[in-house]
Amino acid sequence: MIFQPCSSSMCLFDKTATLPIIFFEAFIIVGVALSLLFLLKIEKRILARFFIVSMGIFIFEFFTHPLWWNYKMGNWAYVYRDVSWLLTIGWAALILVPTIVIDKYLKGLKEWKKFLITLISITLLGLIGETAVVNLGIRSYSPEAQEVIAGLYIPFLNIPWAAFYYIPVFMALIVSFYKYWSLVIDKQLIIPVKNLKLLSSFAISALGVFLFEIMIEAMVTNDRLPSWSYIYRDVSFIMTGGWVAIIWASVFLVDKLFANFNLTAKFASYVIVATIITLPIEAFLIANKFRLYGPSATDNFSGYHIPFTTIPAEVAFAIPFYLSLIVSFIGYWMFVIYNKK
Amino acid sequence: MKIIKSIANIVILLAALAATGFVAFFGILVMTCGKSSAGVLFFIPLIILIIFFISNIRKAIFGKKEVVSENKKITLDNNQQAVLDYINQAKNRGMADMEITNALLGAGWKEDFIADIYKIMSLK
């Protein structure tokens, strides 16, 4: 048998749903259905939008799931390891409703203002959602995440203070991912750009990668780098700067050489080019122990590697998924900059 | 030219196969975990997305237009193609030529280059 059934603790966790959790799941399904019915009345192509947001959340959950555990939701609720489709569609509705309502009714505002209002709204809703899943016993945190949380929880809510950081960062990435693809859904007129604004595109790339790296730093340790290069825990500006440079260069290269590409072809090209550059570098860093995946991540590995490399299959999948979120963040904000008028 | 196109087609086909294989492997990994087969919810759309992405890239590379007049055949480069597509789309949305030109100037295109594209468009 080529594929052995998964036997890691990431698969064999407690999936038995309690009655309150089953009610919560029913609440999610009803809530999602009502949200979609409401949105259908105020905006077109809602199912496509819902699908995009769900994909963005799934991509995020897929490669960060070793950090945040979702247990006790019942066998029916899981898609991959402890990633639950029920939570995915729940988050998707929670993000989509405020985003569309704000886009629709605050049309006159500048894009960054709308984005900020959206982010604040969905962060507040996200904190409520996080409180619900934690207190129902669905959500718990891996030892690596707990080390970062350092026992600092918000009284009565029982969620970590760190949620004020990771929820808005998560939301900012998903909203940007949605906004990038909504340009495609809405068949938005995109002006071709002769020369990419180097400084602003680099700043956006750096911001996206840096915020994301801090959020997921507990998953992997950057080791054996010069001590002066570490800026926060094991986040090294050499490593993070390297990722920024690769992603930014990929965007620059594709935009420069393929100005005629539509948004879909550009997105795919950004991801493909950046993945081709990143994979061998990641292989080198893993083989030479510059990057050490934490126990929660390695416990999740199936044992399969990319042929002729030391890259675990899960890391190889995570790279294009991670890049998908980052390049759409960059692509969307570059669109905002170039289409101000 | 035909040889280059054939080679590019083969490369794209191989990339599509690799990407689909990659996702198929992921799908099997998903399904070997636990008893749930809900993985298909994301696994099948992912394969469809890969095919969609690849076909888009292929279209963008090979969909180049050639503008033919009575005695001239012009193959557009990527930049010319991008600006020509933009002008066509903007016109279809009712934008005036002046407005389109100003937008393109703002995006860094030179006046002569834009004028050339309008000239090419008038050849059709």
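In the text below, chain A, chain B and the rest are named by the order of the sequence lines, each starting its count at 1. We use all heavy atoms of the structure for the numbers below, so side chains are in, but hydrogens, waters and symmetry mates are not.
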Could you list the donor-acceptor pairs under 3.5 angstrom formed between side-chain atoms of residues 323-330 of chain A and any protein atom two or more places apart in sequence or on another chain?
unit_1 : atom_1 : unit_2 : atom_2 : d
A:S324 : OG     : A:P320 : O      : 2.7
A:S328 : OG     : A:S324 : O      : 2.7
A:S328 : OG     : A:L325 : O      : 3.1

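Contact between B:A107 and A:P192 at its shortest, heavy atoms only, is CB-O, 3.4 Å. Pairing each heavy atom of A:L189 with each of B:Y86, the nearest pair is CG-CE1, 3.6 Å. The heavy-atom pair separating B:A82 from A:A259 by the smallest distance is CB-O, 3.3 Å.
No more than 12 heavy atoms of other residues, nucleotides or ligands shown are found within 6.0 angstrom of CG on A:L199.
The CG atom of A:N260 sits 8.5 Å away from the CG atom of B:D77 when rounded to the nearest 0.5 Å.
Taking the side chain as every heavy atom from C-beta outward, B:L104 and A:K194 never approach each other to under 4.5 Å.
Neither the backbone nor the side chain of A:K266 comes within contact range of chain B; no heavy atom of the residue lies under 4.5 Å from a heavy atom of that chain. In this structure, chain B has a heavy atom under 4.5 Å from the backbone of A:I190, while its side chain stays farther away.
Side chain of B:N78 to backbone of A:L257: a donor-acceptor contact under 3.5 angstrom is found.
Contacts with chain A were tallied for B:K110, B:R93, B:Q80; B:R93 has the most, counting heavy-atom pairs under 4.5 Å.
For A:E282, the salt bridge (Lys or Arg N to Asp or Glu O under 4.0 Å) test picks out A:R291, with sequence neighbours left out.
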